[in-house]
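Scroll down for the structure; my scribbles are underneath it.
Scope of the values below: all heavy atoms of this structure, side chains included, with no hydrogens, waters or symmetry mates. In listed order, ligands and their atoms are each counted from 1. The model shown is predicted, which means the values in this text are computed figures rather than measured ones.
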Amino acid sequence: MERKSPLTWARQDIRDMVPYQAKVYPEGVKIDANENPFPWPQSYVQRVQSEIATYPFTRYPDSEAKELRHALSLYTGRSTEEILISNGSDEAIQLILLTFGGPGLATVISHPTFVMYGMATRYVGGKVIDVPLLEEKGTYRLDVPGLLAAAAKEESRVIVICNPNNPTGNCFSEEDIIAVLEGTDKIVIVDEAYYEFAGKSMAARLQEFPNLIILRTFSKAFGLAGLRVGYTMASQEIIQEMHKVRQPFNVNAFSQRAACIALEEREAFQEQIDTILAEREKLLPRLKPFSWQVYPTDANYIFLRPYGETEEEQMAITTKIHQALLDRALLVRKLGGGPGLNGTLRITVGQEKENDQLIAALESLYDPEQKRWTL
Ligand SMILES: *Cc1c(COP(=O)(O)O)cnc(C)c1O
């Protein structure tokens, strides 16, 4: 028998995918992934440490995450039956697409946005319909008629609105989000990963819109990115279907407990959130003097587009800025992979000292008289 490569038997659509590569860089100022830049608050560390010693980690975790769902019920105002816990909200995106998507079915997204929606769609054999955001008056808005036309297609199942949008940073108008929810009975995901920074939520409207699914995470404001905890809020009926496709022990016991304590220690995290927002307001005007467009933001990161005659020129400048910052031990996110994202940067708001380092590095790369980068 002539033996074939084992990859002969892999799904062709998976083989055609480009893997997500989270970059690992050496020590430096890490302002590329929208994480909380502060270490855990001292009161939080003490509580986590004192509980670890006696926690029954020899046992499987609570498959239903009852304690965490109860704590989240108090935090969100939704009932425990309307909440599902997942291994980061990345897993929640997968669960939604396993439930509602599949071969031949479509997910409607608005480019530029978070990459996981498209990736999870492709895992399940589905396809992406892109209804690009509209750039208007220096910010981005949803193309509501475009989204509704795409949603109306037979194969469409899920429409995703990331609010505030990653990477552009802005919240969309509530009227536009409502217009999408009113205009379709297909599933509408509103990803509120940055809710604690933006303060806007659709959670109070879940009854009104049975097709609404809200995603949140502990990875950003609550500083638990390394522990992987996210949650979904939706009608009890939708949550029950999603439970069928999740692994019974999808969130480990430590992370469940750590997320509960984070909610109990919310005031300490709120201080960090307030500081990050204050730092953002200090940072924004300091970024404006350089030759790039600084987009308005409702989150803990800032979207930037260096000026250039053509997209190629923009991309070349962006690549140089990114590398020059890296050489100065500052890691920011260079975006790419399509129109709208090519030649753009996203910078997470750091601690005061880190933001100062960023500005100092940028000043060393810029000639303010000539108003140009000296790269
Ligand atoms: C960071 C991020 C997430 C992923 O969060 P995890 O809970 O860490 O998986 C989801 N959505 C958006 C828009 C994000 O920026």
Side-chain angles (χ1 to χ4, degrees), residues 20-23 30-37 65 68 72 75-76 83-98 107 109-121 123 128 133 140 142 158-172 177 188-198 200-202 213-234 242 246-247 250-252 254-256 258-259 262-263 269 273 276 280 295 297-303 332-333 335 337 341 344-349:
Y20 180 89
Q21 277 179 324
K23 292 216 170 68
K30 192 173 182 307
I31 43 177
D32 70 320
N34 301 347
E35 295 139 328
N36 181 326
L68 178 52
L72 279 171
Y75 179 57
T76 62
I83 299 170
L84 178 143
I85 312 298
S86 57
N87 191 33
S89 43
D90 283 353
E91 189 200 14
I93 297 166
Q94 266 190 50
L95 298 179
I96 293 167
L97 285 155
L98 282 168
T107 304
I109 64 157
S110 291
H111 198 82
T113 192
F114 189 50
V115 291
M116 286 308 300
Y117 315 129
M119 299 215 29
T121 299
Y123 298 154
V128 170
L133 293 177
Y140 288 89
L142 294 169
V158 176
I159 297 92
V160 191
I161 299 172
C162 185
N163 198 54
N165 188 43
N166 182 2
T168 60
N170 62 295
C171 276
F172 300 115
I177 299 174
V188 178
I189 299 177
V190 177
D191 187 342
E192 298 181 353
Y194 300 92
Y195 161 69
E196 284 78 10
F197 297 108
K200 292 191 183 140
S201 179
M202 297 298 288
I213 301 183
I214 296 172
L215 301 180
R216 300 250 189 101
T217 181
F218 283 88
S219 295
K220 306 287 159 56
F222 282 111
L224 302 196
L227 299 187
R228 317 300 305 125
V229 189
Y231 58 102
T232 303
M233 294 182 280
M242 287 173 64
R246 80 171 164 89
Q247 291 185 26
N250 59 335
V251 181
N252 71 75
F254 179 79
S255 296
Q256 287 190 31
L263 291 172
F269 284 99
I273 294 163
I276 293 165
R280 181 187 74 189
Y295 288 83
T297 178
D298 295 294
N300 63 330
Y301 54 88
I302 299 163
F303 186 60
V332 304
R333 180 67 60 96
L335 301 153
L341 277 185
T344 61
L345 293 165
R346 190 193 65 199
I347 299 183
T348 307
V349 178

**Prompt:** Which of the numbered atoms in ligand 1 are below 4.0 angstrom from a heavy atom of G88?
**Reply:** 6 (P), 7 (O), 9 (O)
**Request:** Using a strict cut-off of 4.0 Å, indicate which atoms of ligand 1 neighbour a heavy atom of N166.
**Result:** 13 (C), 14 (C), 15 (O)
**Asked** Going by heavy atoms, is C162 under 4.0 Å from ligand 1?
**Response** yes
**Prompt:** When the ring planes of Y117 and F114 are compared, do they come out parallel, tilted or perpendicular, using 30° and 60° as the limits?
**Reply:** perpendicular
**Request:** For the residue pair Y295 and F303, categorise the inter-ring angle as parallel (less than 30°), tilted (30 to 60°) or perpendicular (more than 60°).
**Result:** tilted
**Message:** Once side chain to side chain contact (heavy atoms under 4.5 Å, CB included) is applied, do any residues pair with R333, and if so which ones, sequence neighbours excluded?
**Reply:** Y20, D32, A33, L335, R346
**R228 neighbourhood, listing ligand 1 atoms whose heavy-atom distance to it stays under 4.0 Å** = 6 (P), 8 (O), 9 (O)
**Request:** Consider every N or O of S219 and every N or O of ligand 1, then say whether any pair is closer than 3.5 Å.
**Result:** yes
**Message:** Between N36 and A221 (side chain of the first, backbone of the second, donor and acceptor by atom type, cut-off under 3.5 Å), is there such a pair?
**Reply:** yes
**Request:** May I ask you to list the atoms of ligand 1 that are less than 4.0 angstrom from any heavy atom of D90?
**Result:** 4 (C), 9 (O)
**Request:** Return the option from Y194, Y117, F114 holding the heavy atom at the smallest distance from atom 15 (O) of ligand 1.
**Result:** Y194
**Prompt:** When you measure from the side chain of N300 to the backbone N and O of V349, does any donor-acceptor pair fall under 3.5 Å?
**Reply:** no
**Prompt:** So, R216 versus T76: side-chain donor-acceptor pair below 3.5 Å or not?
**Reply:** no
**Asked** With a 4.5 Å heavy-atom cut-off, do S86 and N250 have their side chains touching?
**Response** yes
**Message:** To check your reading of the model: name the closest protein heavy atom to atom 2 (C) of ligand 1, its residue, and the distance in Å.
**Reply:** K220 NZ, 2.4 Å
**Prompt:** Quick one: which ligand 1 atoms are inside 4.0 Å of a heavy atom on T217?
**Reply:** 5 (O), 6 (P), 7 (O), 8 (O)
**Prompt:** Is the shortest N/O to N/O distance between D191 and ligand 1 below 3.5 Å?
**Reply:** yes
**Message:** Starting from atom 5 (O) of ligand 1, what is the nearest protein heavy atom, named by residue and atom, and what distance separates them?
**Reply:** S89 OG, 3.2 Å
**Prompt:** Just one of F197, F222, Y75, F218 clears the ring-ring contact (aromatic ring centres under 6.0 Å, His included) bar with F269, so which one?
**Reply:** F222
